[in-house]
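All ligand and atom numbering here is 1-based and tracks the order in the structure.
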Amino acid sequence: MASDKTDALILGGGFAGLVCAVCLAEKGRKVLVLEKKTHRGGRAYSFEENGLDIDNGQHLFMGCYRATRRFLKTIGTQDRLEIYEDMIVDYIEPGGKKDRLDCPSWLPAPYHLAAGLLGLKGVSLKEKTALFAFDLALKAMKVGPIPQDVEKMTVRGWLSSLDISRNFQNRFFDPAAIGILNERPEIASSAGFIQALREIFFSDRGSSKFALAKTGLSDLYADAARDFIEKREGRVISTAKAVGLIEEGGRVVGVKTDMDSRFTADHIVSTLPPWELKKLDLPAALHGPWEDLAPAPIIGVTLLLDRPVMSERFVGLLNAQTHWVFNRSRIMGLPGPGQVLSVVISGAHEQIGRLPEKIRQTVVGDLSACLPGFSLAKIVRWKVVKEPFATLSPTPGSEAKRPEPGTGMPGFSFAGDWTRTGLPATIESACVSGYAAASRA
Ligand SMILES: Cc1cc2nc3c(=O)[nH]c(=O)nc-3n(C[C@H](O)[C@H](O)[C@H](O)COP(=O)(O)OP(=O)(O)OC[C@H]3O[C@@H](n4cnc5c(N)ncnc54)[C@H](O)[C@@H]3O)c2cc1C
């Protein structure tokens, strides 16, 4: 049995793990990252297939992703993330009818959102009067934990309690909620939605800017973070699967792997998602309600077309199974004459069990109905990536089960997007948790 000792041992090589390792390496600590997979990056990664650069699913970043941007700056890749000045979202529905949320950049937050919402064509003035109640409700929860009675409500229940019409919900709130929470408004707790809305729209104007990677996801952070760590005498070991934690005298002192190796460290941080962490042989003190947290699926479909069918960076599809279509050719500056689209189905409980060909047919049906010109285009190549364990399913009651990042037991800290960062389980939450765990290690 091999054995190895280091200052800090981090389980998982996704955003949370790499942020934690980079932060500690920067402080001169000797770090070791153990990652079970071979691919570069955790749940946000990219790969090449038949000449196509494919993300496991298109990831949208926001101006309010401050911890993420701090991390990218530290590893020197911040210029691979493009932050857009305008705050425009185009929506298209079957039949080709369009709407646009255009939040003027010269107005301070949250008035820029109010102006954008007032400009939506598909929502009547009478329906828009509900925005007063929405504004008051959010201002009452501007900081701090979301009150329990609100957290127990679903997004649908909370919005309806504010008299926001189903049409208004369908045209703005539902696409936003499903995009942020990766769960349908009937299933998701209002807590994560409120946390995100106040971060995005109620802090400063820059927070609501959209940002997208100009490279594949792994190139955005995974390689550069690894280089950063290795240059400071740290190590990132792939295909090293942790199977248990070693406890001595009430303290976690090490990790066992499936290769029968033991790694010891002064401090161990797990960034494993809850459904992975609970498979490990854990000290009794670490068991808890977090083990009940469940995942929600996402499906990403990449299409290479023989011609362009959209000019926008991305569009939201209304009244369709497909939620978002991203124009990767424009985002990444890919040469023509064809066009690469990246299509997202969030909260994809119904579709995740279907065969890739069936999923392709669903997407093609939605795009043909919504994007004029799509039916004329030929699909040259396509790839479906199913992520059944994409994010935490933020159902009512789940917030209380998320452990605080950086807490655990002596010698051990929880981290990862799913820990209680005050944010929905996103990249930013992962990065916030990585910094929190590093400050304790
Ligand atoms: C398709 C898709 C689209 C998404 N879209 C967005 C988006 O638009 N915006 C956004 O902000 N977020 C999005 N997310 C969520 C985002 O990807 C995650 O929040 C983030 O990547 C989580 O990072 P993490 O480090 O917490 O976890 P992970 O990335 O899951 O890292 C944990 C790592 O631990 C490894 N591991 C597991 N078990 C073991 C073991 N036993 N031993 C060793 N290693 C192990 C895993 O392989 C993994 O690499 C999306 C996720 C998916 C899947």
Verify whether the ring centers belonging to F134 and F173 lie closer than 6.0 Å.
yes

Under 4.0 Å from ligand 1 - residues by heavy atom, chain and number:
G12, G13, G14, F15, A16, L34, E35, K36, K37, G42, R43, A44, N56, G57, Q58, H59, L60, Y65, A240, K241, A242, T271, L272, P273, E276, L280, I298, E387, A390, T391, G416, D417, A425, T426, I427, A430

If you draw the axis of the six-membered ring of Y91, does the NZ or CZ of R100 fall within 45° of it and under 6.0 Å from the ring centre?
no

Could R313 and Y84 be counted as a cation-pi pair, given that NZ or CZ must be under 6.0 Å from the ring centre and within 45° of the axis?
yes

Do I10 and T271 have side-chain heavy atoms sitting under 4.5 Å apart?
yes

Give me each pair satisfying ring pair (Phe, Tyr, Trp, His ring centres under 6.0 Å) with a member in residues 174-216, each pair once, sequence neighbours excluded.
F210-F314

Give me the ring orientation class for W290 and W418: parallel if the planes are under 30° apart, tilted from 30 to 60°, perpendicular past 60°.
tilted

